[in-house]
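To start, the structure itself, in structure tokens.
Predicted model only: the values in this text are computed from it and were never measured. Each residue takes its place number in the sequence, starting with 1. We count ligands from 1, going down the list as the structure has it; atoms in each ligand are counted the same way.
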Amino acid sequence: MMTMQDKQAWSGRFNEPVDELVKRYTASVDFDKRLALFDIQGSLAHAQMLAACEIISSQDLKDIQRGMAQIENEVIGGNFEWQLDLEDVHLNIEKRLTTLVGDAGKRLHTGRSRNDQVATDVRLYLRHSIDELIALVHAMQSALLDLAQHHTHTIMPGFTHLQVAQPISFAHHLMAYFEMLKRDAERLVDCRKRVNRLPLGAAALAGTSYPIKREYVAELLNFDGVCENSLDAVSDRDFAIEFSSTGALIMTHLSRLSEELILWMNPRFGFIDIADRFCTGSSIMPQKKNPDVPELVRGKTGRVNGNLIALLTLMKGQPLAYNKDNQEDKEPLFDTVDTLTQTLRIYADMIGGITVKPEAMRLAALQGYATATDLADYLVKKGLPFRDAHEAVALAVRFAVERNCDLSDLKLEELQQFSLLITDDIYTVLTLEGSLSARNHTGGTSPAQVEAAIARARSSILKI
Ligand code: ARG
């Protein structure tokens, strides 16, 4: 016989208590307790609906509200006693409620199951997290704009294959990341729409025989609507997967930027310095200043990508409807939210603390024949077919390489060996500034275009 002590909320049909190890294995309270406030919010809306539909009395509702107010204080104050024996956040709170208010607490679960309850909690949590993350992405975008604004005339080499390709401005380079983050923010906003649907009312899987009003609960909880199918409502976690893929993309973008910051901080580049507060030293090499933060962002991207794969894999073999597998959705999801939150917070500050070294950037742009394409374009404008122009410039570059000088260092007669179309107006074309401002179209590098892009970007952040 089981004693009252051994009793779980569901153990009526069981002949023996659950094995201790199994209890630990199946319990989720250690990690799902962070859903507590959302669980309470969901329960209060459910109770309000039950009372409005006369499924519980208004006195029951008052008792539930009073009990939940106390529980909320206990949770916020850190005095709530979580019990592993009570398995998860839901049963812990329900048990405490019953201790505090008696039978009303036992009536709360009418017309509801932990299956629709947990799906609701996770959606409330995720909606809240998405709202915070959108604000953090915006802060990061603003930090990029603040830095870019001062560097529309700061010339650096643009790379392809990590080889010097064409001159660009540092502002233009930063704005590429602004665009990536803009799409990331849009993805968060879009994903939020699908997160923001109410599962409650689906009960275990098939709905409930009580005369409930799901739309009313949705309204109370600010959901845009209800999940239309009860089986789908309790079982799918595609909204969490979608969010995780957006999270993985955000981290991937920040990881690319991190890789660049690390390279740029290397003295061989010497393009930037990162403020000391984001770096660490070495315990053995006194001269070292390591870009730990960008390195960790790059590293943590691996785990966020892993969380996405974990959730996809969690889902792929599950038959309808709810399976306990789904309890495993939380840790990867929480980890992605936490990692993104911390990363974005630190990153926006780190961008603000970057020291730019325009001289080093300029020198690097001067070293790689970055204006060769401009010379080819110049010849094309004078009537030479592009392929012939390409060939002529390739020979000119080879000539300059042999003399260890830049194209702009060659005398007019030397340049004319490669094409007689070249006249002395070529020297403005071969300057870095000339190259930059020649690309004077939307999305191009000319300072005027980049300034316009920054202005558009500022108002786009305000609009979202
Ligand atoms: N802790 C569970 C989870 O996270 C709550 C739902 C449990 N439902 C059940 N039928 N055992 O998924």
| query | For ligand 1, is K330 a contact, meaning one of its heavy atoms is under 4.0 Å away? | reply | yes
| note | In ligand 1, the atoms that come under 4.0 Å of a heavy atom of S28 are 1 (N)
| field | Check: N222 main-chain N/O paired with N196 side-chain donor or acceptor under 3.5 Å | value | yes
| Side chain N323, main chain P319, donor-acceptor under 3.5 Å | yes
| said: Using a 4.0 Å cutoff against the non-hydrogen atoms of Q327, which atoms of ligand 1 qualify? | reply: 1 (N), 2 (C), 3 (C), 4 (O), 12 (O)
| Can you tell me which residue and heavy atom of the protein come closest to atom 6 (C) of ligand 1, and the distance to 0.1 Å? | Y322 OH, 3.4 Å
| field | Closest approach of any protein heavy atom to atom 10 (N) of ligand 1, naming residue and atom | value | N115 OD1, 3.1 Å
| query | According to the interplanar angle, ranging from 0 to 90°, do the rings of Y125 and F334 count as parallel (below 30°), tilted (30 to 60°) or perpendicular (above 60°)? | reply | perpendicular
| Taking the inter-plane angle between the rings of F80 and W82 on a 0 to 90° scale, is it parallel (under 30°), tilted (30 to 60°) or perpendicular (over 60°)? | tilted
| remark: Taken to the nearest 0.5 Å, the spacing of T445 OG1 from H441 NE2 works out to 7.0 Å
| Proximal atoms of ligand 1 relative to D88 (non-hydrogen, under 4.0 Å) | 1 (N), 2 (C), 5 (C)
| request: Mark yes or no: R127 above the aromatic ring of F239, with NZ or CZ under 6.0 Å from the six-membered ring centre and no more than 45 degrees from the axis. | output: no
| said: Starting from atom 11 (N) of ligand 1, what is the nearest protein heavy atom, named by residue and atom, and what distance separates them? | reply: R114 NH2, 3.7 Å
